[in-house]
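Single-structure report; data block below.
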Amino acid sequence: MAQKPSIPKGTRDFNAEEVAKRSYIMETIKRQFQLYGFQPIETPSFENSETLMGKYGDEGDRLIFKILNSGEYLRKVSDEDLIAKNEANIALKISEKALRYDLTVPFARYVVQHQNEIEFPFKRYQIQPVWRADRPQKGRFREFYQCDADVVGSKSLFQEVEFIQLYDAVFTSLKLEGVTIKINNRKILSGIAEVIDAHDKLIDFTVALDKLDKIGEEKVKDEMRSKGISEDGISKLQPLFSLQGDFGDQVGSLKSILNASEVGLKGIEELEFINTAISNLGLKTAKLQLDVTLARGLNYYTGAIFEVSAPEDVKMGSIGGGGRYDDLTSIFGKPDTSGVGISFGLDRIYLVLEELGLFPETITEATKVLFLSFGSEEAMASLEAVSKLRESGVKAEIYPDAITSGKQMKKQMTYANRRHIPFVVLVGEEELKSGMFALKNMETGAQEKLGLQELLSTLQ
RNA sequence: GUGGUUGUAGCUCAGUUGGUUAGAGCGUCGGUUUGUGGUACCGAAAGUCGCCGGUUCGAGCCCGGUCUUCCACCCCA
């Protein structure tokens, strides 16, 4: 056998069953997006590099797939850069386009570019693939789908409340119960950084804090020290490491840390508003949980931060994330337009549903009846019946090649069997003469001769 | 980007301290069965041992590189 072809690492082929399951998730999400009033848009797979670069932090820039320019791309590169192997400079010159890394930044670009055609507040959803030059692992791919819903042009905290309900609605209708929607607020993190006099080290500080449940209190403190946060500051954080109780208790402890920080208290106020609203409205199956260590997407989130975890017994990274961003459109030239949105990780949700066996049985709808072919006269008679069946909505097909021996009949039976086609119709010489159809139930093996009308009504 | 791991027939995997002709199950194909699939029995085909190089009289096995898989970091959906 020749060398087998392959696909790039971190990418996948999908068979018919996988496509059906993926589309089930997508349609479920889409239905809820529409019920909440979001309109679909799509944006190109690749953007100008300047649109994407610098929006996700240094780590993000590294993970953006860059597209090589066409033509004589090396002509723009200076000899000095080439000789010095100055990769950063060379990359800028030979690549001016890049594959989209998420859906939020292209959406911000879209809003600014089309601001005169848009009615604000603008609610859009978008379900498209994104690409990251990451090293693949379980639930981590280099090409994967995000399903985003965002609102721009409203500062109202009721948006956050509705997004939490939307998460709950989607996971409830997927029968995925027990997901945890974690919430935090960038203003609280800023406030804490301010209080411990590490305002300029916000990112370092939050990245360290984010690892609390993973590496433990002492190692988090070690990391903070190594990033230059003072011992005095770290001791002020002590209440943070022992946060306990329900939403209210935790907020109480936070207040004691943050009472000197205006921005911190504002963050607490926002959290309390959202929590009160959700408590009053109730959630169907999800849980809302305050998690001060949550620090995702900090490069553009300014208020609420969301992250969704799968039920505890499933080992999977986050299956959704989101937050509020006040400045994203101002980067592209439209200030004072607050946005907030959430994202669903389709591929990870797939893995979770698969692991928990939550896909409905009925989503792969196969052919219902296969007509075996004995010859062209028989095939013509079969095709008439097939056409009638199709007209009445029955998935029917005819085996393309004629049977010339018992061996081939076996082959066609086997084919029907393998494809889980529940009925087979035989039209041979005998049936042709009598105008009947031999209908065989592939599960029971029972066979009966029927006229066309009977055949139609039996299969419908 | 860092560290580790994996790759043998279409699929899932054995393969001893380096030693004749690399095995099994499932699947495929043929037969028992010329208009009846799933079950059974008999038989057959199918492998540049991921790729490139090295050590050796001799490499699936040892060494180096590379690609791939999975895992832990980093980061993230």
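Just so it is clear: chains get the letters A, B, ... in the order the sequence lines come, proteins before strands, and each one is counted from 1.
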Roughly how far apart, to the nearest Å, are [N] and [M] at atom [atom1]?
{"N": "B:C74", "M": "B:A14", "atom1": "C1'", "value": "38 Å"}
{"N": "B:G1", "M": "B:A9", "atom1": "P", "value": "29 Å"}
{"N": "B:C63", "M": "B:U16", "atom1": "P", "value": "15 Å"}
{"N": "B:U6", "M": "B:U17", "atom1": "C1'", "value": "24 Å"}
{"N": "B:C67", "M": "B:U12", "atom1": "C1'", "value": "23 Å"}
{"N": "B:G3", "M": "B:A24", "atom1": "P", "value": "41 Å"}
{"N": "B:G47", "M": "B:G15", "atom1": "P", "value": "22 Å"}
{"N": "B:C61", "M": "B:G50", "atom1": "C1'", "value": "16 Å"}

Flag the pair [X] / [Y] as yes when their ring centroid distance falls below 6.0 Å, and as no otherwise.
{"X": "A:Phe344", "Y": "A:Phe33", "result": "yes"}
{"X": "A:Tyr399", "Y": "A:Phe371", "result": "no"}
{"X": "A:Phe306", "Y": "A:Phe163", "result": "no"}

(message) Under 3.5 Å for both pairing distances: what stems, at least three Watson-Crick or G-U pairs long, include RNA chain B?
(response)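 As far as RNA chain B goes, consecutive pairing (with distances under 3.5 Å) yields the stems B:1-4 with B:70-73, B:10-13 with B:23-26, B:28-32 with B:40-44, B:50-54 with B:62-66.
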
(request) Would you kindly check whether a donor in the side chain of A:Gln412 faces an acceptor in the base of B:U36, or vice versa, at under 3.5 angstrom? (result)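 Not at all, since no donor on one side and acceptor on the other fall under 3.5 Å apart.
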
(request) Dump the intermediate steps for side-chain hydrogen bond (donor to acceptor under 3.5 Å, both in side chains) on A:Asp326 and A:Tyr300, then the final yes or no. (result) CA-CA 8 Å; A:Asp326 285 331; A:Tyr300 48 74; over 6 Å; no

Gap between atoms [atom1] and [atom2], on [X] and [N] respectively (whole Å):
{"X": "A:Asp13", "N": "B:C11", "atom1": "CG", "atom2": "P", "answer": "14 Å"}
{"X": "A:Gln447", "N": "B:G37", "atom1": "CD", "atom2": "C1'", "answer": "11 Å"}
{"X": "A:Glu430", "N": "B:U34", "atom1": "CD", "atom2": "P", "answer": "18 Å"}
{"X": "A:Lys410", "N": "B:G38", "atom1": "NZ", "atom2": "P", "answer": "7 Å"}
{"X": "A:Phe371", "N": "B:G35", "atom1": "CZ", "atom2": "C1'", "answer": "17 Å"}

Would [X] pass as a cation-pi partner of [Y], given that its NZ or CZ must be under 6.0 Å from the six-membered ring centre and within 45 degrees of the axis?
{"X": "A:Arg100", "Y": "A:Phe46", "value": "no"}
{"X": "A:Arg132", "Y": "A:Phe144", "value": "no"}
{"X": "A:Arg324", "Y": "A:Tyr301", "value": "no"}

(request) Quick one: do A:Leu370 and A:Phe423 satisfy side chain to side chain contact (heavy atoms under 4.5 Å, CB included)? Show the steps, please. (result) CA-CA 6 Å; A:Leu370 176 77; A:Phe423 293 98; over 6 Å; no

(request) Starting from the 5' end of RNA chain B, give me the residue, A:Lys411 or A:Leu426, whose nearest nucleotide shows up first. (result)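 Comparing both residues, the 5'-ward one is A:Lys411.
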
(request) At under 4.0 Å between heavy atoms, which parts of nucleotides 68-77 of chain B does protein reach? Answer with one letter per nucleotide, 5' to 3': B base, S sugar-phosphate only, - none. (result) SS-SBBBBBB

Describe the nucleic acid contact of [X] in one word from base, sugar-phosphate, nothing, applying a heavy-atom distance below 4.0 Å.
{"X": "A:Gly57", "value": "nothing"}
{"X": "A:Ile349", "value": "nothing"}
{"X": "A:Lys440", "value": "base"}
{"X": "A:Glu431", "value": "base"}

(message) For A:Thr285 and A:Thr172, which I'm curious about, is there any donor-acceptor pair between the side chains at under 3.5 Å?
(response)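 Yes, A:Thr172 and A:Thr285 have a side-chain donor paired with an acceptor closer than 3.5 Å.
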
(message) Check this for me, if you would: do A:Arg124 and A:Asp150 make a salt bridge, where the nitrogen-to-carboxylate-oxygen distance has to be below 4.0 angstrom?
(response)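 A:Asp150 and A:Arg124: salt-bridged.
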
